[in-house]
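Okay, so here's the structure we're looking at.
Proteins get letters first, then strands, A, B, ... in listed order; numbering begins at 1 in each. What you are looking at is a predicted structure, and each value in this text was computed from that prediction instead of being measured.
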Amino acid sequence: MIELVSESRCVTCDVCVAVCPTNVFDRGPDGIPVIARQGDCQTCFMCEAHCPADALFVAPLTHPVPEDSPLRDEAHLAEAGLLGSYRREIGWGRGRKPGARLAVGPELGRARITPAALS
Amino acid sequence: MITLDLTADVVVVGGGPAGTWAALTAAEAGADVILLDKGYCGTSGPTASGGTGVWYVQPDPAQREKAMASREALGGFLQDRRWMSRVLDQTYENMNRLEAEARYPFPVIDGVPHKRGVQGPEYMRRMRSWIKRAGVTVLDHSPVNELLVDGTGTVAGVRGHRRQHNSDYRVRAGAVVLATGGCAFLSKALGCDVATGDGALFAAEAGAEMSGMEFSTAYAIAPAFTSVTKTAYYGFATFFRGDGTPLEGAGSQGGRSVIAKELLRAGTVLCQIDQATAAQQQQMRLGQPNFFLPFDRLGIDPFAEKFPITLLLEGTVRGTGGIRIVADDCATTVPGLYAAGDAATRELVCGGFTGGGSHNSAWAMSSGTFAGRGAAAFAAGLGAAATRRKLTGVGATGIRPASSATGVGRAEAIDVIRREVHPYDKNYLRNGSRLRPALAELDAIWESLRGGAVADGGNLAGLRQAAAMVAHARWMYTSALARTESRGMARREEFPELDPNQYHRLAVGGLDSLWTRAEPVTGRELAIA
């Protein structure tokens with residue numbers, strides 16, 4: 001679920017308010033979006049992908065993380081390179097090569113069935 | 001409250017791939033088009049947040065034959081060969097247009113663009129730009145609440161609410177395309193919480209029928225407590241019990257029911273993607289970056305460590321049921337109403353089974369194209385009379401209560417959905433002894449909703465979504481009970497065999513009292529020839 005809107009990075013463009021498919025954000029009084037309906041977040045990472053300032057972080061869990069979780073700690077997320085990491089991987093943003101250009105997955109063969117005993 | 005009053009030749013409801021292709025095609029046919037998305041066209045729906053293969057096959061007879069034949073047995077031989085051919089043709093054309101006209105950056109291998117898949121965010125961002133360039137008016141965050149019909153029952157518009165503007169709206173239209181997606185019952189599967197089956201409810205209220213609703217048992221593998229479903233990559237996995245011993249017979253294909261049974265029994269199944277070579281691991285990262293979001297963010301190495309998994313319901317998003325299609329232009333049984341993508345039945349190309357996304361994405365773009373063209377032609381045929389019709393809303397539950405009884409709302413309905421539709425032992429591992437009581441619970445909540453449901457805090461769209469999910473589940477279980485055999489993904493524990501006497505499609509319909517009807521399978525003559 002969406003856990004962080006970085007006030008220091010946010011450029012108040014309100015793109016996240018517009019693009020969130022489940023209308024999770026409200027525009028705050030100072031223009032910085034507020035996570036108004038976190039329970040409606042479907043953890044689709046779309047807001048993060050569209051944020052031009054890498055100001056959002058979506059924790060990969062479908063329930064809220066505890067308040068003291070590192071997944072809500074801006075300094076930790078920046079340090080770990082996680083802020084904006086999805087946008088980087090899909091190659092969005094100035095000067096980046098679109099990830100779509102590279103998106104060739106492995107050939108998918110017949111799926112493996114787990115055997116009784118593993119050698 | 002101010003009501004925005006609009007007119008259009010064609011209204012498209014839903015902004016995923018099917019809706020955007022429908023809007024594009026209708027606009028190119030000269031129609032004035034309004035596309036309404038309850039979220040945001042470009043991000044909402046499972047395609048936008050995921051990535052998908054596309055059933056893109058060169059127009060070579062041998063390759064086409066192989067592509068069509070390969071999944072017929074899986075689908076219980078319910079596909080229509082003529083439709084499969086048209087979808088292959090249309091998908092081929094659309095993918096080539098996506099490259100040439102929307103400048104989609106396909107990977108280039110040995111100088112050749114590789115058009116067998118798309119990355120969701122890039123695809124849908126480009127579709128949004130493309131339809132706007134084509135002159136389509138896009139209204140985001142504008143859920144439709146009901147269809148409007150004229151005096152003859154012909155669909156002639158929609159009514160809804162713009163939630164970020166707090167204003168209602170009405171669109172008077174020549175024709176309506178429903179491209180609202182399937183129904184995943186708020187399971188939190190990636191990008192699926194907007195897929196609540198809304199279009200099927202609207203269509204049924206206008207008199208349309210459903211088909212293939214028994215083929216709705218799709219559950220996807222995801223790391224426990226996450227949303228990221230990408231079952232195909234679990235083909236490289238080994239599965240384990242909670243104590244680390246191998247879970248014999250478990251697999252992403254042909255062994256998912258073993259996983260469901262173990263989750264029911266013990267609550268835990270572990271997994272490790274230990275069968276991918278180093279090269280395959282790298283390709284997986286490039287192919288589906290979002291697959292790795294949960295792992296990277298939780299500090300798990302999925303190739304080297306065991307991690308817990310779950311199964312998330314995908315209902316008719318990956319199931320094949322939906323609004324019944326009765327003509328080549330994706331017309332429904334109601335004049336003026338067209339359906340496309342997951343909202344429409346996919347039996348025509350998939351029969352009773354879908355696994356991979358590639359047939360689904362091909363169906364979305366081609367059925368969207370057919371429906372957009374059909375709707376534009378229908379609207380043009382109406383001429384100037386289209387705007388002089390007297391319109392009536394047909395929305396029942398939550399809008400026009402059947403009685404003055406009150407007390408039931410969205411929360412209660414969603415609670416019943418979680419209890420009666422999500423559990424593996426009801427919806428996936430199906431048995432009449434468990435389906436019947438579940439259906440009785442769904443019938444009871446439907447009756448309460450129908451009586452006099454209240455929209456909490458004015459959230460009519462939320463209440464209508466809950467009603468759509470309940471209606472969807474009732475069609476699913478009613479059809480599942482009518483099919484006393486195992487065919488495609490519709491399996492019954494007590495009827496494990498395929499019954500040659502049930503070689504038919506099942507239409508289902510009704511709102512308060514439901515019915516089913518066997519429909520002969522069409523389009524097989526080509527298969528025999």
Side-chain angles (χ1 to χ4, degrees), chain A residues 1 14-27 40-50 57-63 65 70-71 77 80-82 85-92 97-118, chain B residues 39-40 42-45 48-49 51 104-109 114 117-119 121-123 140-141 163-164 188 190-194 225-228 232 234-240 246-255 275-276 279-280 283-284 286-290 293-294 296-298:
Chain A
M1 284 180 153
D14 287 345
V15 163
C16 55
V17 179
V19 303
C20 172
T22 55
N23 201 31
V24 162
F25 302 97
D26 279 341
R27 187 191 164 93
D40 289 341
C41 173
Q42 60 170 358
T43 321
C44 68
F45 307 96
M46 284 286 98
C47 56
E48 210 186 294
H50 282 263
F57 184 74
V58 179
L61 301 169
T62 49
H63 55 263
V65 300
L71 296 176
L77 295 170
L82 289 174
S85 62
Y86 185 37
R87 192 162 152 262
R88 188 171 63 235
E89 277 169 48
I90 60 173
W92 282 11
K97 182 171 185 160
R101 187 69 81 192
L102 306 167
V104 185
E107 272 307 315
L108 301 170
R110 190 89 199 123
R112 168 189 168 82
I113 299 280
T114 301
L118 297 169
Chain B
Y40 177 87
T43 63
S44 58
S49 48
Y104 183 91
F106 285 106
V108 177
I109 302 172
H114 189 78
V118 284
Q119 186 195 67
E122 189 75 48
Y123 174 33
D140 300 305
H141 297 288
R163 65 184 177 190
Q164 291 191 342
K188 301 270 183 204
L190 190 67
C192 284
D193 275 9
V194 289
F225 312 111
T226 80
S227 63
V228 180
Y234 291 90
F236 296 100
T238 306
F239 298 91
F240 306 89
L247 181 59
E248 184 184 353
S252 60
Q253 291 169 29
Q275 301 296 309
Q280 285 168 328
Q283 288 174 315
M284 286 161 100
L286 293 174
Q288 298 285 343
N290 63 5
L293 288 173
D296 292 347
R297 292 177 181 200
L298 295 172

Do [X] side-chain atoms and [Y] backbone N/O form a donor-acceptor pair below 3.5 Å?
X: B:Thr226; Y: A:Pro60; value: no
X: B:Asn290; Y: B:Val228; value: no
X: B:Thr43; Y: A:Val19; value: yes

Relative to chain A, which segment of [X] carries a heavy atom at a distance below 4.5 Å: side chain, backbone, both, or neither?
X: B:Leu247; answer: backbone
X: B:Ala276; answer: neither
X: B:Gln275; answer: side chain
X: B:Phe225; answer: both
X: B:Glu248; answer: both

Parallel, tilted or perpendicular, judged at 30° and 60°: which one describes the rings of B:Tyr40 and B:His141? tilted
Are the charged groups of A:Glu48 and B:Arg297 less than 4.0 angstrom apart, N to O? yes
Taking B:Cys192, B:Ala250, B:Gly42 one by one, which has the highest count of heavy-atom pairs under 4.5 Å against chain A?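 Option with the greatest count: B:Ala250.
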Under 4.5 Å to a heavy atom of chain B? For A:Phe45 that would be side chain
